[in-house]
Asker: 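Pasting in a structure now, in structure tokens, and then I'll have a few things to ask.
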Amino acid sequence: SDPSAASLFYHPACLTDFYFQTRELEGLPLRRPAAARAAAVEERVLADLEAVGFARQPHVVHSLRCFARGDARTDVRDDHAGDHPHFARYFPRLSSRRFYRICLQQPTPAGRVDTRRSVRMYYCPPERMAPP
């Protein structure tokens, strides 16, 4: 129970819920009302991490889509290879390589999940996803 011995931390911010609550305000580029709210949420998450004293440690946050695994040309160098742009636009600092994701969907377009940075959770167990 000693946090200084932890190698990974979790922040429970409901970032996916926030996106769906504000997406009607969203446009291209991200419009001011949604952008200001997203910046405030991201700042609060980062302030929370700083307040507990482990801001420089790796953290897991929620995301609808998982990080994508790029091919040999993009893997490692490109944080958003094949990634859906909403999370990066809403939360640019939480999209950095310092953060990992608990996510529900594979990246688009039909990308492969980067299992080094994402823990994919399913809506239902995989064996129940196939049609009867």
Side-chain angles (χ1 to χ4, degrees):
S1 65
D2 178 8
S4 65
S7 59
L8 185 67
F9 292 84
Y10 165 74
H11 192 287
C14 296
L15 303 176
T16 300
D17 289 353
F18 173 82
Y19 167 73
F20 281 109
Q21 291 168 4
T22 60
R23 72 181 179 167
E24 71 276 358
L25 301 173
E26 200 233 324
L28 295 174
L30 187 59
R31 294 202 172 111
R32 284 183 200 216
R37 291 179 186 170
V41 167
E42 183 176 59
E43 191 59 43
R44 181 173 174 194
V45 169
L46 295 170
D48 287 350
L49 303 181
E50 193 68 44
V52 296
F54 297 100
R56 303 291 173 239
Q57 298 295 98
H59 283 76
V60 176
V61 294
H62 287 272
S63 174
L64 180 62
R65 291 193 176 86
C66 301
F67 276 115
R69 188 172 76 197
D71 62 23
R73 294 170 302 211
T74 60
D75 200 25
V76 179
R77 290 186 298 281
D78 186 355
D79 276 355
H80 306 293
D83 196 10
H84 197 279
H86 292 304
F87 193 85
R89 282 199 339 244
Y90 266 67
F91 310 110
R93 293 179 288 174
L94 297 177
S95 295
S96 74
R97 289 200 170 274
R98 193 175 109 220
F99 292 90
Y100 296 83
R101 293 183 185 175
I102 295 174
C103 45
L104 293 170
Q105 297 178 352
Q106 76 180 42
T108 56
R112 295 176 297 169
V113 173
D114 182 348
T115 56
R116 295 169 299 173
R117 300 178 63 211
S118 302
V119 176
R120 184 173 179 203
M121 307 298 284
Y122 293 90
Y123 290 104
C124 24
E127 63 274 3
R128 295 183 186 239
M129 294 171 67

Asker: With sequence neighbours excluded, what pairs up with Arg44 under the side chain to side chain donor-acceptor pair (under 3.5 Å) test?
Answerer: none
Asker: Within this structure, what is the CZ-SG distance for the pair Arg120 and Cys103, rounded to the nearest 0.5 Å?
Answerer: 7.5 Å
Asker: How would you list, by chain and number, every residue that makes a side chain to side chain donor-acceptor pair (under 3.5 Å) with Ser7, sequence neighbours excluded?
Answerer: none
Asker: Suppose we screen for side chain to side chain donor-acceptor pair (under 3.5 Å). Which residues come up paired with Asp17, at least two apart in sequence or across chains?
Answerer: none
Asker: List the steps, then state whether side-chain contact (heavy atoms from CB on, under 4.5 Å) holds for Glu42 with Ser95.
Answerer: CA-CA 10 Å; Glu42 183 176 59; Ser95 295; over 6 Å; no
Asker: Who pairs with Tyr10 by ring pair (Phe, Tyr, Trp, His ring centres under 6.0 Å), at least two apart in sequence or on another chain?
Answerer: His62
Asker: Does the ring of Tyr100 carry Arg117 above it, NZ/CZ under 6.0 angstrom from centre and within 45° of its axis?
Answerer: no
Asker: Could you pull out the closest heavy-atom pair between Ala13 and Val45, with the gap in Å?
Answerer: CB-CG2, 3.6 Å
Asker: Among the clusters formed by ILVMFWY side chains lying less than 4.5 Å apart, do Phe9 and Phe91 turn up in the same one?
Answerer: no
Asker: Can you give me the closest heavy-atom contact between Phe99 and Leu46, atom names plus distance?
Answerer: CZ-CD2, 3.8 Å
Asker: Output a table of donor-acceptor pairs, distance under 3.5 Å, between side-chain atoms of residues 50-61 and any protein atom two or more places apart or on a different chain; print 'none' if there are none.
Answerer:
{"unit_1": "His59", "atom_1": "ND1", "unit_2": "Gln57", "atom_2": "O", "d": "2.8"}

Asker: Looking at side-chain heavy atoms only, is the closest gap between Glu43 and Arg93 below 4.5 Å?
Answerer: yes
